[in-house]
S.K.: 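After the structure tokens below, expect a handful of questions from me.
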2 protein chains.
Amino acid sequence: MPAKASSERSTASGLSRERIARVALELADQEGLDGLSMRRLARELDVTPMALYVHFRGKDELIDAVVDLAARELKLPSERGPWKRQLELLLRELRRGVERHPSALWIRRERPLMSPGVMRGPELGMRILLRAGFSKSDAVAAWRALFSYTLGFASFSSTARVENARHHARAALAALPDDEFPALVSAATEAVDAMGGEDQFEFGLRCLLDGLQRRYLDREK
Amino acid sequence: MPAKASSERSTASGLSRERIARVALELADQEGLDGLSMRRLARELDVTPMALYVHFRGKDELIDAVVDLAARELKLPSERGPWKRQLELLLRELRRGVERHPSALWIRRERPLMSPGVMRGPELGMRILLRAGFSKSDAVAAWRALFSYTLGFASFSSTARVENARHHARAALAALPDDEFPALVSAATEAVDAMGGEDQFEFGLRCLLDGLQRRYLDREK
DNA sequence: ACCTGAACACCGTTCAAGT
DNA sequence: ACCTGAACACCGTTCAAGT
């Protein structure tokens, strides 16, 4: 019987694309992106490194599957209520997804991954914007801005990183010469306290949404 | 005589933190972040891998020096004119810096780097915001949003990546089932055309600045 | 102080072989 | 079709030794 390529049937040793990707995601979550190696993953699965190459062409393909898997976990919000509220919920969920699987974000470095799993978020975002009255190209621009802000915040202000980073930051800020960095030194306490909070994220997000509405929607009235 | 990228003559013992970091940055620019290895860098410098460890404790310390070097290249704008204009110029320059040295961005993954070189930008940003009338904690929040947006855009919408990515994106969007992704498929042309332009960046930036002004400054009047 | 050379414990991947 | 085992060309870093 011919098997579909994407079928999740497990073989004698219990290996399948599904299972490999899931264990790889767990491994990356626990040990960080550097901990996710083909050899380490094979060890985790009690299998030879080369066994993985039966299911994936190489590490890149495996990694794409891992990111897609992580993206599928997102619980997309319902499409009810004001458009700004819908986008808030969507981007909050996107950020929480990245928070859960930080390494999945850094995996998407050079090549843009556009598998169906990862495109569910963008699809919903575009739908909300189009329905709100944005033209196609305005909607694309608006989504781009919202998306950049959200992933940028998750990348450089993640709470996970912040917990480890806070004392480091405090020391680094204290070490800056205050004749050269007066603004930073004077606001050091505020800066450290403010690192990576969910509130900070939501506040910036609302500012961006306000601005988008003004520039794209209100101008025609 | 083999043509070297670096112009200055190196004597037999001409190794220094400065020179090592500069060659490392060139290497990362040319070959990507994966091309920057201690062994490869040593080969480039006609030296044993271990010679580098005389000047740097390890790869992490070297990499911090590389990022700091890249950050020092930024030509910060003058502090004249309206505050929104000043921030526009600053963040545009920040984005261009990342565009010039894409790998420097991805280096800052786990640990937050706060060397004097990289803090010049944040310092100026904070100064502008404080002078504009933002309170300390509002200024921190505002900078955080602007910074996240800028680096997020540079990370996920870089023109460098886009040139390589455009046809890939076109194919990937075309491959999405349009009953499941109606919004994306209908705006595919706009989405591909709009990828990573400088205009897109500036437009989103202005929206964010507008929103920040409304939420933080105008509310008190 | 500055650099070399050998060594250790890792990588991703190819290739030939086993079942 | 699925997996093993050995091999190749890489890593970062330690340690002892040379100058």
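Hydrogens, waters and symmetry mates play no part in the numbers below; they use all other heavy atoms, side chains included. Protein chains get the first letters and strands the later ones, always in sequence-line order, with residue 1 at the start of each.
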S.K.: Does D/dT13 have OP1 or OP2 sitting under 4.0 Å from an N or O in the side chain of B/Y53?
M.R.: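 Checking D/dT13 against B/Y53, a side-chain N or O does come within under 4.0 Å of OP1 or OP2.
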S.K.: Where the side chain of B/M38 is defined as all heavy atoms beyond and including C-beta, which of C/dT4, D/dT4, D/dT13 is the nearest nucleotide?
M.R.: D/dT13
S.K.: Looking only at side-chain atoms of B/S37, point me to the closest of D/dC15, D/dG12, C/dT13.
M.R.: D/dG12
S.K.: To the nearest angstrom, how far is A/K59 atom NZ from D/dC10 atom P?
M.R.: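 It works out to 17 Å between those atoms.
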S.K.: Of all the nucleotides listed (D/dT4, C/dG12, C/dC3), which has the minimum atom distance to the side chain of B/A51?
M.R.: C/dC3
S.K.: Give the rounded distance in Å between these two atoms: CZ of B/F56 and C1' of D/dG12.
M.R.: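 So the CZ-C1' distance, B/F56 to D/dG12, works out to 16 Å.
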S.K.: Walk me through whether A/L212 and B/L208 qualify under side chain to side chain contact (heavy atoms under 4.5 Å, CB included).
M.R.: CA-CA 8 Å; A/L212 288 170; B/L208 185 50; over 6 Å; no
S.K.: Salt bridge check: are B/R40 and B/E31 linked by an N-O gap of less than 4.0 Å?
M.R.: yes
S.K.: For the backbone of B/F56 and the side chain of B/E61, can you confirm whether one donor and one acceptor N or O come within less than 3.5 Å of each other?
M.R.: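 Judged by distance alone, no pair lies under 3.5 Å.
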S.K.: Measure CG/B/L52 against P/D/dT14 and give the value in whole Å, please.
M.R.: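 Rounded to whole Å, this separation is 14 Å.
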S.K.: Examine D/dA1: is either OP1 or OP2 under 4.0 Å from a nitrogen or oxygen in the side chain of A/H55? Give yes or no.
M.R.: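 Looking at the OP1 and OP2 atoms of D/dA1, neither is under 4.0 Å from any side-chain N or O of A/H55.
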S.K.: Please determine, for the side chain of A/R40, which listed nucleotide (D/dG5, C/dC11, C/dC3) has the closest atom?
M.R.: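 Closest of the options to the side chain of A/R40: C/dC11.
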S.K.: Taking only the side-chain heavy atoms of B/L15 (C-beta and beyond), determine which of D/dG12, C/dG12, C/dC3 contains the nearest atom.
M.R.: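 Minimum distance to the B/L15 side chain belongs to C/dC3.
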S.K.: Using the side-chain heavy atoms of B/V47, tell me which of these nucleotides is nearest: C/dC3, C/dT13, D/dT13.
M.R.: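 Of all the options, the side chain of B/V47 is nearest to C/dC3.
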S.K.: In whole Å, I'd like the distance from the CG atom of A/L41 to the C1' atom of C/dC11.
M.R.: 14 Å
S.K.: Taking 4.0 angstrom as the limit, do B/R39 and B/E44 come out as a salt bridge?
M.R.: no
S.K.: The side chain of B/M50 is closest to which nucleotide in this list: C/dA6, D/dA7, D/dG12?
M.R.: C/dA6
S.K.: Starting at CZ of A/F201, measure out to OH of A/Y149 and round the result to the nearest 0.5 Å.
M.R.: 5.5 Å
S.K.: Tell me which nucleotide, if any, is Watson-Crick or G-U wobble paired with D/dC15 when both distances must be under 3.5 Å.
M.R.: C/dG5
S.K.: Has A/R43 got a side-chain N or O lying under 4.0 Å from the OP1 or OP2 atom of C/dC11?
M.R.: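 Yes, A/R43 has a side-chain N/O under 4.0 Å of OP1/OP2 on C/dC11.
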